[in-house]
4 protein chains.
Amino acid sequence: MSPRTPEQFEEIREAKRALILDTALELFANEGFFKTSISDITKKAGISKGLIYNYFESKEALIRTIAFNGIDNLLKNFDPNSDSILTKEELQYFIEQNFVILQKNVYFWKLYFGIIVQPQVLTLVEKELMRLFIPLYKMLENYFKSQGKKNPAAEARFFGAMIEGVYMNYVMDPKYFPIEDIKQKIIDLYIK
Amino acid sequence: MSPRTPEQFEEIREAKRALILDTALELFANEGFFKTSISDITKKAGISKGLIYNYFESKEALIRTIAFNGIDNLLKNFDPNSDSILTKEELQYFIEQNFVILQKNVYFWKLYFGIIVQPQVLTLVEKELMRLFIPLYKMLENYFKSQGKKNPAAEARFFGAMIEGVYMNYVMDPKYFPIEDIKQKIIDLYIK
Amino acid sequence: MSPRTPEQFEEIREAKRALILDTALELFANEGFFKTSISDITKKAGISKGLIYNYFESKEALIRTIAFNGIDNLLKNFDPNSDSILTKEELQYFIEQNFVILQKNVYFWKLYFGIIVQPQVLTLVEKELMRLFIPLYKMLENYFKSQGKKNPAAEARFFGAMIEGVYMNYVMDPKYFPIEDIKQKIIDLYIK
Amino acid sequence: MSPRTPEQFEEIREAKRALILDTALELFANEGFFKTSISDITKKAGISKGLIYNYFESKEALIRTIAFNGIDNLLKNFDPNSDSILTKEELQYFIEQNFVILQKNVYFWKLYFGIIVQPQVLTLVEKELMRLFIPLYKMLENYFKSQGKKNPAAEARFFGAMIEGVYMNYVMDPKYFPIEDIKQKIIDLYIK
DNA sequence: AATGAATGAGAGTTCATTCAT
DNA sequence: AATGAATGAACTCTCATTCAT
């Protein structure tokens, strides 16, 4: 008869919040942000339409939260120190980590591509996403400079574009894309 | 004041059709398919809302036409003969052609990425787009086989993914992406 | 830690009830009935959303209670005996009392005008409000009749309308409305 | 078969616009702005829900248009020249005009009171409404000054408040409010 | 061939109210 | 007595599409 304790409420909130985020991520990733209605999300999550606004201010706030969560989660796995220069072994580890992360976060990467290819749509999110990759590019640039490359910035951008292309092809067709062979190919290319 | 000949009518129709397609392509590419309303297109094209349905059955038919036109236009520039095997010189030409086409069709490629990253959205279009690239992949596979590569299919997919990654980075940031350096880098990589 | 007596419970209930009524009055008056949500009230009162329904059946019941309380409180200050006929001195006192009450209950009067100008909205409340003014009108009518006025009913309604107009202007702009001058003007007008 | 001429379209638009404005004014006046939904308006006007947005940007734009139209229409009947000073005869005409206007625009005045008593709701409209009455107050002030009144500003505000009170009582109960008697009473009061 | 007024389904969002605790 | 998560109906607004002219 007595009300739930604040801790109980907090538990409920956390669980429900996570349910909404997970459901929304899956739908946004698979169906696209615009094709996914709030109704779609609440139906799949088994909650009422109103409840989602108890947890998120708006549909855009929802995707922004998802995007930032994803990036946070991502960067935890990298922690690139852009000042120190990578050794070849560390680059190999970095590449391999990339593939681990890719395969563990397919939904997130689908969403990521859905966002970046429509810049005007979610400007804020997109700008933030970009900014988060800057340290990674810096790190790569430093590495290529240390390797005596003539144009380390271009090398870094090529590396990034290549990885992004591989990511995109994988998330679009994870079943048949020869991800292992391609990982090996990239390692051979950069680690000799 | 004399009545128009059937040929003149046809000319007018063709011009209007092209106007609609061009306008829609630009808007779809820059603003995204969902953010672009039929009204946006007719306003920018200076025509009435009804007229667009005189030429296209629906908004989806419109984007499908644009996508197919783009692909057609694209393949004209390649005309890959998947039976004959490329020489190294031909591959170099193929790569260079790729970059020419990329830079000549930025709008189309923006649209392309907008479409493929949301498969469920425009299933038909996406399926067709994929199918059109099969001969190119076949051609690449044959080439890598002729070069004695162990896994020519994976090599082809890697090549395709890499190109796609470069394309995507270029269309998102054509001003600063070091496209020339990267073209050279790819040529060096594959042509030695 | 000793259990509370029934009297203490009653005290707590009364205090909570008053808190809700005061908070709601202020918000209804300043922001309007429709613009004020139950959430707004509970937030400002520092209570939970459920609690308000422990004290009031519905949002409409809440405003109805507020309106009736206000009127009760008002009439206590007048206690017009509609049978006995006012002297000039008593009318002057009545007028002066009016201005005291106006300045002491600005929130209530704001709410009052918010309610009466939208009759269909809160029919019940509005009907009740009207009914409560009948004795005042009767009293005024009697007074004007005793003063030999040809049309005492019209005189009473004019008096009422004038007062209402002054009230409305005051609550809308209490800082700059020259309330004292106007009180004097009315006294001069009716008391000679 | 040929499309309507621009003139025909203009005619249609004007007629429909007027229908929407009239319907909305009646509903806003009688039921209140918040109680009246866009659906209520379109249902009563016999049009589809979407159409209203072909003519007005939003519900607020709709009430703003109605309010400004009403004021425009009103001021046309006054055209107060705030520099020249009214004679007694002109003041009498002004008062009589007031009552003509009141009785011809009952819906507008209901709406007017609905708006001004909820200042926070439609700030913009309300501010504008107020501004439009300034010349009238100025004119009254000048008149009372010319009559040798000690406090012409307060006299003007009292006059305005009294008129407003009468207006409000009339629109709330036009059937029984003794408007003619009260008009005479005011004329007697001010014209002697 | 061309117009744009009109439709209506469905979107995102709000909020009075309920209810398990 | 008290909590706040949860509901669902109703809201404002959008937009692809239709159709009379």
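In what follows, every heavy atom counts, from backbone to side chain, and hydrogens, waters and symmetry copies are set aside. Just so it is clear: chains get the letters A, B, ... in the order the sequence lines come, proteins before strands, and each one is counted from 1.
- Atom CD1 of A:I63 is separated from atom P of E:dA11 by 17 Å (rounded to the nearest Å).
- Side-chain atoms of A:Q8 come within 3.5 Å of backbone N or O of A:T5 as a donor-acceptor pair.
- Along DNA chain F, the nucleotide nearest D:Q8 and the nucleotide nearest D:K59 are compared for position; the residue whose nucleotide lies closer to the 5' end is D:K59.
- Contact between the side-chain N/O atoms of C:Y53 and the OP1/OP2 oxygens of E:dT17 is found at a separation under 4.0 Å.
- At the heavy-atom level, D:T36 lies under 4.0 Å from the strands shown only through sugar-phosphate atoms.
- Separating the NZ atom of C:K35 from the P atom of F:dC11 is a distance of 15 Å, rounded to the nearest angstrom.
- Looking at the side chain of D:F9, the nearest of the listed nucleotides E:dA5, E:dA1, F:dA16 is E:dA5.
- Nucleotide F:dC15 holds its C1' atom 13 Å from the CD1 atom of B:I52, rounded to whole Å.
- Under the 4.5 Å side-chain criterion, counting only non-hydrogen atoms from C-beta, A:N30 is in contact with A:Y107.
- Ranking F:dT3, F:dC13, E:dT13 by closeness to the C:I47 side chain, first place goes to F:dT3.
- Checking F:dA5, F:dC11, F:dA1 against every side-chain atom of D:S37, the shortest atom distance belongs to F:dC11.
- Comparing B:K16 and D:G46 by the nucleotide of DNA chain E that holds the closest heavy atom to each, the one mapping nearer the 5' end is B:K16.
- Proximity of a side-chain donor or acceptor of C:K59 to a complementary backbone N or O of C:F33 within less than 3.5 Å is detected.
- Distance, B:I41 CD1 to F:dC15 C1': 12 Å, rounded to whole Å.
- Between B:I38 and D:K49, it is D:K49 whose nearest contact on DNA chain F lies nearer the 5' terminus.
- The separation between D:I12 atom CD1 and F:dA20 atom P is 13 Å, rounded to whole Å.
- In this structure, the side chain of C:T36 engages the main chain of C:L27 through a donor-acceptor pair within 3.5 Å.
- Between B:W109 and B:F113, the ring planes are tilted. Angles from 30° to 60° get that label.
- Residue D:S58 is in sugar-phosphate contact alone, with no base atom involved, counting any heavy-atom pair closer than 4.0 Å across all strands shown.
- Residue C:R17 contributes atom CZ, which lies 17 Å from atom C1' of F:dA2 at whole-angstrom precision.
- In this model, the phosphate group of F:dA5 is approached by a side-chain N or O of A:N54 to a distance below 4.0 Å at OP1 or OP2.
- In this structure, CD of B:E57 is placed 10 Å from P of F:dT17, rounded to the nearest angstrom.
- Side-chain contact between D:I41 and D:F28 is present, with at least one heavy-atom pair separated by less than 4.5 Å.
- Base pairing of E:dA9 is made with F:dT14, judged by Watson-Crick or G-U wobble geometry with both donor-acceptor distances under 3.5 Å.
- For the pair A:R4 and F:dA5, the criterion of a side-chain N or O lying under 4.0 Å from OP1 or OP2 is not met.
- Of the side-chain N and O atoms in D:R13, none sit less than 4.0 angstrom from OP1 or OP2 of E:dG4.
- Residue contacts for D:F56: at a heavy-atom cut-off of 4.0 Å it reaches no nucleic acid atom on any strand shown.
- Figure legend. F:dT7 is base-paired to E:dA16; pairs are counted as Watson-Crick or G-U wobble with both atom distances under 3.5 Å.
- When each of A:D40 and D:S48 is assigned the nucleotide of DNA chain E with its nearest heavy atom, D:S48 is the one assigned upstream, toward the 5' end.
- Using a 4.0 Å heavy-atom criterion, one finds that B:L51 contacts the bases of the nucleic acid, with or without backbone contacts as well.
- Here A:T42 lies out of heavy-atom contact (under 4.0 Å) with every strand.
- Under a 3.5 Å cut-off, the side chain of A:D40 and the backbone N or O of A:S37 do form a donor-acceptor pair.
- For E:dT21, the paired base is F:dA2 (Watson-Crick or G-U wobble, both distances below 3.5 Å).
- Atom CZ in D:F34 sits roughly 13 Å away from atom C1' in E:dT14 (whole-Å rounding).
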